[in-house]
Protein chains: 2
Amino acid sequence: MADSDDPKSLTIASRQQPASADRVPCKECPLIHCRGLSAPDEGQRAWIEAFKSSEARYVRGEQVLRQGVRATRLFTVLEGVLIRYRLLEDGRRQIVNFLFPGDLVGLQAAFEAELTHSVEAMTDVRLCVFPRDRFFDLAVSHPKLSFDLTWMAAREEAALEDHLVSLGQRNAQERLAYLAVFLVQRGAATGVSREGTLRLTVTQSQIADMLGLSLVHTNRSLQALRRLKLVDWTLSTISVHDMEAARSFAQMDGDPYIPRPYI
Amino acid sequence: MADSDDPKSLTIASRQQPASADRVPCKECPLIHCRGLSAPDEGQRAWIEAFKSSEARYVRGEQVLRQGVRATRLFTVLEGVLIRYRLLEDGRRQIVNFLFPGDLVGLQAAFEAELTHSVEAMTDVRLCVFPRDRFFDLAVSHPKLSFDLTWMAAREEAALEDHLVSLGQRNAQERLAYLAVFLVQRGAATGVSREGTLRLTVTQSQIADMLGLSLVHTNRSLQALRRLKLVDWTLSTISVHDMEAARSFAQMDGDPYIPRPYI
DNA sequence: TCGGCGCGATGTCAAATGACACTGCCCGGT
DNA sequence: ACCGGGCAGTGTCATTTGACATCGCGCCGA
């Protein structure tokens, strides 16, 4: 079920991450070009630049944050995709959400609480690092950023609400269609994918752990969707031929496009 | 499935809610006495008082917010319990969360987005009303409150994460035990329930719609839990005899007590 | 006093989903 | 060339969960 406990990924995950010397200045932030993300203005960007302490890189499979610890750093995704998941004591794993460029990683750390989930890189990633202890300064000195932060938290909450509806009300095929559409659109909005297709390595085991299905049933349902020509999801590629058909198959409503602020 | 479309509740729900003349001054806010809630200080309370525009009352079954509209007001729960749910086009309903005193209702409204869920009163409730358009002032003029707001959003997100794990990884009985423990503890923290028992009218149909189970299966699983002497859940009362046993049965970890700020 | 209604409970059967054991394929290391 | 590991796919059978029909009970209003 949880495939994160194989020896290799553990040893990789536990080595300390050196702060990379080179860092992108915020005024040249590559995320500016993402439709789907609304960039902060000049003043805010200066503030963010000062707040940002460094950059970090992780390779696919590495753990960025570990459930149960009190983290001292927050991150923001500059490049790549990650997952956020929780482990139960008996080894069951629930993947809670995927993280794309612009997303905030580890907001819980800001409130000196223990993390309730782990975060793992799905691709090689670059993250912006922010110190937790200066977090409160943010709200004081730049209200608009603080507002954006609340916005981001609310947005993430809405995403979880969507997933919750999926797990609670949709059957296996609908869930798969929903997740495929969700990921492809997230990818499109953050510059990771072309229209209708997302190149991202996701194993069926990970899909199963996200959707609350068994591995075998996930496999069979994926095949069914492939036969229906709705979603073609392979190890390295998710492609949705007819977005509207897939959306209606999965009973998705609401507007897919709401530009999000980021930090 | 969705029982909210019976004619009676609809007519009740659609009448306009007169702003009640009498309102509790924030300095006498009854929530001060809730362990489980950390009260704002004097200065903050003054600011909240100025921000608060009125109070509203709803009776059990009334709709407070409706999915798909752009609300102009935010609420805070002063007294009572509500549910937040989403309807799918074919009538399936997913209850997303329960709202207890101190909780924020309709944060999405702050970002001029369409609401993705409806909110309905489970008991007679009293709400504090805040205008949406003065919301941004909050962040500017009182950073600590803005910080608390982010905190609350993050807390709600964590709760949804818990529910997501439940729907994704737990079987019917575990989900029921989890939900019972969750509700009783939420009730205890907000002064609604005595230790181990919560008096709150929840139909099995509502439980089913929260946990993604069929009505019949919910019924049978509840009976099973009753036979196991873990949870006794009737229409009007939830009682958990042995909290620790129930928590471990449902594979719940983490600290149940984190005092939350409120507004 | 009668009927309607909301809610819980049950019996029976069907469908969805899971568990387990096994195969084939690809790929990288030696 | 061989081995081992990760991953998708399959066959078979068990378990969980859902669908549908029905009953009992308490409540309330005509």
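Computation of the quantities below employed the complete heavy-atom set of this structure, encompassing side-chain atoms and omitting hydrogens, waters and symmetry-equivalent molecules. Quick note on labels: first sequence line is chain A, next is B, and so on, each numbered from 1.
For L235(A) and dG9(D), the CG to C1' distance is 14 Å, given to the nearest whole Å. The CG-C1' distance, from L176(B) to dT16(D), rounds to 14 Å in whole Å. Between the P atom of dT17(C) and the CG atom of L167(B) lies a distance of 14 Å, rounded to the nearest Å. At whole-Å resolution of the value, CG in L215(B) and P in dG6(C) are 14 Å apart.
Listed nucleotides dT10(D), dT17(D), dA9(C) differ in distance to R226(B); the shortest reach to its side chain belongs to dA9(C). The V216(B) side chain lies nearest to dT10(C) when the options are dA8(D), dC7(C), dT10(C).
Between the side chain of R220(A) and the base of dG11(D), at least one donor-acceptor pair of N or O atoms lies under 3.5 Å. Interface remark: the R170(A) side chain does not form any donor-acceptor pair with the dT17(C) base, using a distance-only criterion of under 3.5 Å.
Summarising the geometry of R247(A) relative to V181(A), their closest heavy-atom pair is CG-CG1, 3.9 Å, with the distance given to 0.1 Å. The minimum heavy-atom distance between R175(B) and R170(B), with the atom names listed, is NE-O, 2.8 Å. Closest of all the heavy-atom pairs between A180(A) and V240(A) is CB-CG2, 4.1 Å.
Using a 4.0 Å cut-off, no side-chain N or O of N219(B) falls inside it from OP1 or OP2 of dG8(C). The side chain of N171(B) contributes no N or O atom lying less than 4.0 Å from OP1 or OP2 of dT16(D). Look at R92(B) and you won't find any side-chain N or O under 4.0 angstrom from OP1 or OP2 of dG18(D). In terms of phosphate contacts, Q204(A) brings a side-chain nitrogen or oxygen within less than 4.0 Å of OP1 or OP2 of dG9(D).
Across all strands shown, R175(B) has no heavy atoms under 4.0 Å from either base or sugar-phosphate atoms. Within 4.0 Å of L213(B), counting heavy atoms only, lie sugar-phosphate atoms of the nucleic acid but no base atom.
A donor atom on one side chain and an acceptor atom on the other are found under 3.5 Å apart for R199(B) and S236(B).
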